[in-house]
Asker: 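Here it is, the structure, as structure tokens.
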Amino acid sequence: AQSVTQPDIHITVSEGASLELRCNYSYGATPYLFWYVQSPGQGLQLLLKYFSGDTLVQGIKGFEAEFKRSQSSFNLRKPSVHWSDAAEYFCAVFYGGSQGNLIFGKGTKLSVKP
Amino acid sequence: DTGVSQDPRHKITKRGQNVTFRCDPISEHNRLYWYRQTLGQGPEFLTYFQNEAQLEKSRLLSDRFSAERPKGSFSTLEIQRTEQGDSAMYLCASSFGTSPGYEQFFGPGTRLTVL
């Protein structure tokens, strides 16, 4: 079955430190890849997406992600974390075909230490 | 444009009661999705519509669940004879177009608590 794995349930980083959140998807044709952020009481907000082309994609709020086909990964990075980045982050994939839905990982909760 | 809206934001009900949620998508979006999110999990797909046609339903969508999208505009999700296991956040999303890779815009969700 198609799946998305986010191995880290909870990550804590210090403000100003760099961040990398991991995402792996099950093998198959290159999917369309997304990262969403969810803050308490807020809906899911799209950070960035990868469809094709340059494997390093830039998103909003200073986030970027790199698609690595050989590792079936799409890790999210940010060079310097701000306290306002504390939230839950979800990786999602769309495999196309007859499916209309996104498949989400279980999420990684990010805490930021002052 | 105010984005995807959902009503109510919170619903508390007793087991066995019926509940109905509403989703208003972004006006020009022709696809509408329902997801369910439980604590510690990512959103799980329930069903989606293209215009007024319901094109796909997940195995998660038991017979007690029904969704409609009359006239291809707003959508409703009804849960009959609610059970405690139905307690979750119900998310609605919409998108435009039928080509792969479209972006789904999410509403704030309806949090259901079944007592």
Side-chain angles (χ1 to χ4, degrees), chain A residues 1-10 21-25 28-53 57 59-60 67 74 76 87-109, chain B residues 2-7 9-10 23-26 29-51 53-61 67 69 88-111:
Chain A
Q2 295 158 338
S3 64
V4 177
T5 301
Q6 294 181 248
D8 304 305
I9 296 172
H10 190 185
L21 302 182
R22 296 182 289 165
C23 173
N24 293 92
Y25 61 93
T30 300
Y32 298 89
L33 298 158
F34 305 81
W35 274 100
Y36 282 86
V37 61
Q38 187 177 41
S39 299
Q42 304 293 315
L44 289 158
Q45 182 183 21
L46 182 69
L47 287 175
L48 48 78
K49 57 191 176 186
Y50 172 78
F51 297 162
S52 64
V57 294
I60 62 171
F67 169 62
F74 188 56
L76 181 71
E88 189 145 25
Y89 292 80
F90 292 94
C91 180
V93 301
F94 171 71
Y95 284 94
S98 61
Q99 284 186 306
N101 58 291
L102 293 171
I103 299 172
F104 284 86
K106 293 187 176 182
T108 297
K109 183 177 180 180
Chain B
T2 57
V4 178
S5 62
Q6 292 187 245
D7 185 69
R9 294 290 304 275
H10 303 273
C23 171
D24 287 273
I26 294 171
H29 285 185
N30 59 350
R31 282 196 169 186
L32 185 148
Y33 311 80
W34 286 99
Y35 292 83
R36 183 174 70 184
Q37 185 178 18
T38 53
L39 196 62
Q41 301 292 321
E44 296 173 292
F45 170 72
L46 292 177
T47 188
Y48 90 94
F49 295 82
Q50 182 163 304
N51 300 313
Q54 189 172 17
L55 295 188
E56 190 172 348
K57 292 192 285 188
S58 159
R59 291 190 301 273
L60 292 175
L61 210 66
R69 193 184 182 196
M89 176 77 84
Y90 290 84
L91 298 169
C92 176
S94 69
S95 69
F96 178 74
T98 57
S99 59
Y102 44 81
E103 176 181 344
Q104 295 186 22
F105 294 82
F106 283 81
T110 295
R111 181 169 295 283

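Please read these numbers as outputs of a predicted model, since none were measured by experiment. Letters A, B, ... are given to chains in the order of the sequence lines, protein chains preceding strands, and every chain is numbered from 1.
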Asker: Considering only heavy atoms and a distance below 4.5 Å, find which of B:G40, B:G109, B:P43 pairs most often with chain A.
Answerer: B:P43
Asker: Has the side chain of A:Q38 got a donor or acceptor atom that lies under 3.5 Å from a matching backbone atom of A:G107?
Answerer: no
Asker: Ignoring hydrogens, what is the shortest heavy-atom contact between B:V4 and B:F105? Give both atom names and the distance.
Answerer: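 Reported closest heavy-atom pair: CG2-O, 3.4 Å.
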Asker: Taking side chain as everything from C-beta outward and backbone as N, CA, C, O, which of these in A:E88 sits under 4.5 Å from a heavy atom of chain B? Side chain, backbone, both or neither.
Answerer: neither
Asker: Could you tell me if the side chain of B:N51 sits less than 4.5 Å from the side chain of B:L32, heavy atoms only?
Answerer: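 Sidechains of B:N51 and B:L32: no contact.
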Asker: Using heavy-atom distances under 4.5 Å, tell me whether B:Q37 contacts chain A through its side chain, its backbone, both, or neither.
Answerer: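 Side chain only.
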Asker: Looking at residues at least two apart in the chain, or sitting in another chain, which of them share a side-chain hydrogen bond (donor to acceptor under 3.5 Å, both in side chains) with B:Q54?
Answerer: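 So B:Q54 forms a side-chain hydrogen bond (donor to acceptor under 3.5 Å, both in side chains) with B:T47.
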Asker: Could you list the residues that satisfy salt bridge (charged side-chain N to carboxylate O under 4.0 Å, His left out) with A:R22, not counting sequence neighbours?
Answerer: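 Partners of A:R22 by the salt bridge (charged side-chain N to carboxylate O under 4.0 Å, His left out) criterion, ordered by chain and then number, come out as A:D8.
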Asker: Quick check on B:L91 against chain A: is it the side chain, the backbone, both or neither that has a heavy atom closer than 4.5 Å?
Answerer: side chain
Asker: Side chain, backbone, both or neither: which part of B:R111 has a heavy atom under 4.5 Å from chain A?
Answerer: neither
Asker: Under 4.5 Å heavy-atom distance to chain B, tell me which part of A:Y50 shows up: side chain, backbone, both or neither.
Answerer: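 For A:Y50, neither part sits under 4.5 Å from chain B.
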